[in-house]
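Below, chains carry the letters A, B, ... as their sequence lines are ordered, and counting in each starts from 1.
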2 protein chains.
Amino acid sequence: MDRSPVPDIVIGRLPIYLRALKRLLSEGIEVTSSRELGRWLGISSAQIRKDLSHFGEFGKQGTGYHIGKLCGELEQILNVNREWPVALVGVGDLGRALAHYGGFSHRGFRIAQLFDNDPAKIGQKINELEIMPVNKMGNSIEEARIRVAMIATPADAAQEVADALVKAGIRAILNYAPIALIVPGDIRVQYIDPVIHLQRMTYYLEK
Amino acid sequence: MDRSPVPDIVIGRLPIYLRALKRLLSEGIEVTSSRELGRWLGISSAQIRKDLSHFGEFGKQGTGYHIGKLCGELEQILNVNREWPVALVGVGDLGRALAHYGGFSHRGFRIAQLFDNDPAKIGQKINELEIMPVNKMGNSIEEARIRVAMIATPADAAQEVADALVKAGIRAILNYAPIALIVPGDIRVQYIDPVIHLQRMTYYLEK
DNA sequence: TAGATTGTTAATCGATTAACAATC
DNA sequence: TAGATTGTTAATCGATTAACAATC
């Protein structure tokens, strides 16, 4: 185990390990090895062991890893052994789909507040959760001490929304708008844009 | 310019450059420099120049890059100077949102076929496009010679769907199901799972 | 011309892998 | 015990950056 700051690229793999391990657990498998896990994920066993070694010793020579235990460790490392309330801004088709998505709750997140600036949507409810106007966003997020947000607005609005979110105390933003956000250095941002992924693949396809 | 195979990590940045450049274009800006582009994206200017140098010389000393020209070059490199028909499997909330999304067409993609296995959905139309049963998927994709697909099914179904897609001739899969797919080595796969991104950020947040 | 910026080289930095002693 | 697999070290591999001649 080493004490230097853990590279972000390692942090980025931990959720993938966690997801795979939980799947194995749900299939009733209780023990695995770096070799087996690596084969599932297309990652070398050495890399998995090295990644984990940044945080401690979780395995047993000759046997491998107890999956339940390792899941617990990873959840603790990633800070998802708790439930993070999330603010969702933009309740169009995509925002709606996210609000309905059942996959957050078992993995550390709960959509806690919805915002949109379309008067026709404000006041509507999704799963008991009322859509609130964007101009109330700052206060509402601050009051609830929410630190994680998702942006699902059109690209035009995204930077403005991000600015307001940061001002309201948001520290981590998952941005679905197809635009690079400019935020202070201590704010984490992740991007989801399906076209980026598609274009990355078509490079390799024959015309 | 160098002739060795271009690293995938470089390919992964090209769509991001393209997206930013198109945005600048839409704002009426016609010329930019690696320095300016880098500042927008939080990437070093040297990296941008190095990345582009794998494919040719697109800039002019003292001036920078003509954005319109560079966009054209990048679209050609990425093979998106054409329209790829895409098959979408799984028309739940997320699939619906994707089917409605207007952002594909200007960036090289068009959702061309929809599949689901819910009898209640089959035959329904989204934007003139009929939802077809999954058991017709193989033939339909093969006949239309579609090579790109998106999976938006529950996790349980994703591997089975992926197997069928590969059999039908699909070469690139964008997988929204929260599960690692096992596919032959020559099939490209990209993943979108919001929770993975969220967990990658909560590591850095204070409890 | 003077100023700016490219494309490229070489140096630096960081990440991955191979190998193996330790040990379950 | 014999076989398996860990955690870690050192070597390798690859990506990023700094620097600068070329030149618009």
Problem - Nearest-nucleotide comparison on DNA chain C, the residue closer to the 5′ end among A/Gln61 and A/Ile9 - result: A/Ile9

Exercise for the section: Answer yes or no: does a side-chain N or O of B/Tyr65 lie under 4.0 Å from OP1 or OP2 of C/dG7? Expected result: yes

Fill in the blank from the handout: Nearest-nucleotide check on DNA chain D, A/Gly62 vs A/His54; residue mapping nearer the 5' end is A/Gly62

Exercise for the section: Assign A/Ser45 to base, sugar-phosphate, or nothing according to its heavy-atom contacts below 4.0 angstrom with the strands shown. Expected result: nothing

Completion exercise
D/dT23 -> Watson-Crick or G-U wobble partner, both distances under 3.5 Å, gives C/dA4

Completion exercise
Which of A/Arg107, A/Lys22, A/Arg82 passes salt bridge (Lys or Arg N to Asp or Glu O under 4.0 Å) with A/Glu75? It is A/Lys22

Handout entry: Side-chain N or O of B/Thr63 closer than 4.0 Å to phosphate OP1/OP2 of D/dC24
Key = no

Problem - A/Arg147 side chain to B/Glu206 backbone, donor-acceptor under 3.5 Å - result: yes

Practice task
Respond yes when some side-chain nitrogen or oxygen of B/Ser53 is under 4.0 Å from OP1 or OP2 of C/dT6, and no when none is.
Solution key: no

Practice task
Whole angstrom is fine here: how far is it from CD1 in A/Ile43 over to P in C/dA18?
Solution key: 15 Å

Handout entry: Pair partner, C/dG14 [Watson-Crick or wobble, under 3.5 Å]
Key = D/dC13

Practice task
Could you tell me whether the side chain of A/Asp116 and the main chain of A/Val91 form a donor-acceptor pair under 3.5 Å?
Solution key: yes

Problem - Contact under 4.0 Å: B/Arg13 side-chain N or O vs D/dA15 OP1/OP2 - result: no

Handout entry: Integer-rounded Å distance: D/dT5 P and A/Glu57 CD
Key = 18 Å

Fill in the blank from the handout: When rounded to whole Å, the CZ to P distance for the pair B/Phe58 and C/dT8 reads 11 Å

Problem - Any side-chain heavy-atom pair of B/Leu94 and B/Tyr176 under 4.5 Å - result: yes

Problem - Nucleotide C/dG14, atom C1' - distance to CD of A/Gln47 in whole Å - result: 13 Å

Practice task
Determine: side-chain N/O of A/Arg49 to OP1/OP2 of D/dT6, distance under 4.0 Å, yes or no.
Solution key: yes

Practice task
Grab the NZ-C1' distance between A/Lys50 and C/dG14 for me, whole Å please.
Solution key: 10 Å

Practice task
Let me know the distance between CZ of A/Phe55 and P of D/dT8, rounded to the nearest Å.
Solution key: 13 Å

Handout entry: Length of the line joining A/His66:NE2 and D/dT6:P, which is rounded to integer Å
Key = 15 Å

Exercise for the section: Measure from CG on A/Leu41 to P on C/dT16 and round the result to the nearest Å. Expected result: 14 Å

Practice task
Decide yes or no for A/Leu74 and A/Tyr17: does some side-chain heavy atom of the first lie under 4.5 Å from some side-chain heavy atom of the second?
Solution key: yes

